[in-house]
Amino acid sequence: LSQTPSEQISTDEFVRTPYLNILTYPSPNLRIAASRLRQLKKIGVERIVFDGRTKVGRLGLLGIGTVGVVVQARIGESIYALKVRRLDANRESMLKEFELTQLANRVGVGPHAYTATKDFMLMQCIKGVELDQYIRALKGRGTRESVRRVVHLLLNQCRKLDLLDLDHGQLSDLRKHVVVQGDFPYIIDFESASRERTPKNVTTAAQHLFIGGRSSSFIRRLVGVSEPDEILERLKAYKRERSDENYVRLLGSVGIVS
Ligand SMILES: Nc1ncnc2c1ncn2[C@@H]1O[C@H](COP(=O)(O)OP(=O)(O)O)[C@@H](O)[C@H]1O
Ligand SMILES: [Mg+2]
């Protein structure tokens with residue numbers, strides 16, 4: 001397995017090939033690059049670090065989505081995640097995502113969002129693994145408790161978003177939108193979030209974890225619940241009324257006593 005070493009550049013070098021391919025992904029554009037360089041200077045980004053499992057050519061990234069490509073950025077010794085708006089993104093600006101991420105941050109959810117411009121969002125860098133990977137790597141004594149704990153932490157964050165009337169919008173794809181760093185699950189990517197919809201964070205995440213997701217039967221077994229019937233009932237009740245009581249009952253049906 002060939003391991004590409006990480007590469008660091010000063011922000012000024014971002015407009016040069018091959019880095020330009022990332023700055024104006026998916027196609028190099030010098031005019032747009034110049035405007036973007038100004039934005040980066042304004043927010044004080046000093047260096048870009050290309051390191052991560054996702055590759056564009058030889059350059060490593062934290063990830064690529066449909067709206068942005070995410071690289072590591074440095075200001076002094078601090079490392080951040082920098083989301084760079086794709087040229088082909090279906091939105092004009094990162095500012096709405098920034099606002100909604102900040103809103104989630106108010107209740108302690110999401111990577112901390114520091115600042116944003118039209119084409120960038122600077123946020124806390126989360127280095128971790130997918131939830132599935134985290135759960136599958138657990139073994140031995142304490143596995144059940146660890147699974148319950150991580151699921152509880154995740155559902156509590158979903159509950160906080162529900163109470164805030166902020167629907168994340170993409171929790172059906174937990175694989176891509178939850179990163180476990182250490183033992184803590186972070187919900188990332190608020191690009192599809194909205195305050196205009198009925199919040200479905202708890203129900204969507206729980207449905208994916210325990211009923212419909214790829215690992216749902218495995219997870220049910222790990223937390224000590226064999227049949228999905230009771231969970232389904234509790235989900236329906238919570239959907240009808242998003243009360244504390246219904247939330248606690250839902251937790252109970254997946255083996256979590258709070
Ligand atoms: N704060 C972050 N820290 C570390 N990696 C991140 C962070 N935000 C996003 N990523 C990585 O970048 C990928 C794409 O980011 P995402 O916000 O999902 O973009 P999009 O809105 O285009 O879907 C994610 O799947 C994840 O791997
Ligand atoms: Mg995404």
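For ligands, and for the atoms within them, numbers begin at 1 and follow the listed sequence.
Within 6.0 Å of NZ in Lys42 there are 12 or fewer heavy atoms belonging to other residues, nucleotides or ligands.
Classification of Arg148 and Glu145 as a salt-bridged pair holds, one side-chain N sitting under 4.0 Å from a carboxylate O.
When hydrophobic residues (I, L, V, M, F, W, Y) are linked wherever their side-chain heavy atoms come within less than 4.5 Å, the members clustered with Ile32 are Leu87.
Although no hydrogens or angles enter the test, the distance criterion places no donor-acceptor pair under 3.5 Å between the side chain of Arg86 and the main chain of Tyr25. Using modelled atom types, one side-chain atom of Gln157 and one backbone atom of Leu153 make a donor-acceptor pair closer than 3.5 Å.
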For this session: Just do the side chain to side chain donor-acceptor pair (under 3.5 Å) check on Gln207 and Thr204 with the steps written out, would you?
Result: CA-CA 5 Å; Gln207 138 76 28; Thr204 306; over 6 Å; no

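Around ligand 1 you find Leu62, Gly63, Ile64, Gly65, Thr66, Val67, Gly68, Val70, Ala81, Lys83, Pro111, Met123, Gln124, Cys125, Ile126, Lys176, Ile188, Asp189, Glu191, each with a heavy-atom distance below 4.0 Å.
The atom name of the N/O/S atom in Asp189 closest to the Mg ion (ligand 2) is OD2.
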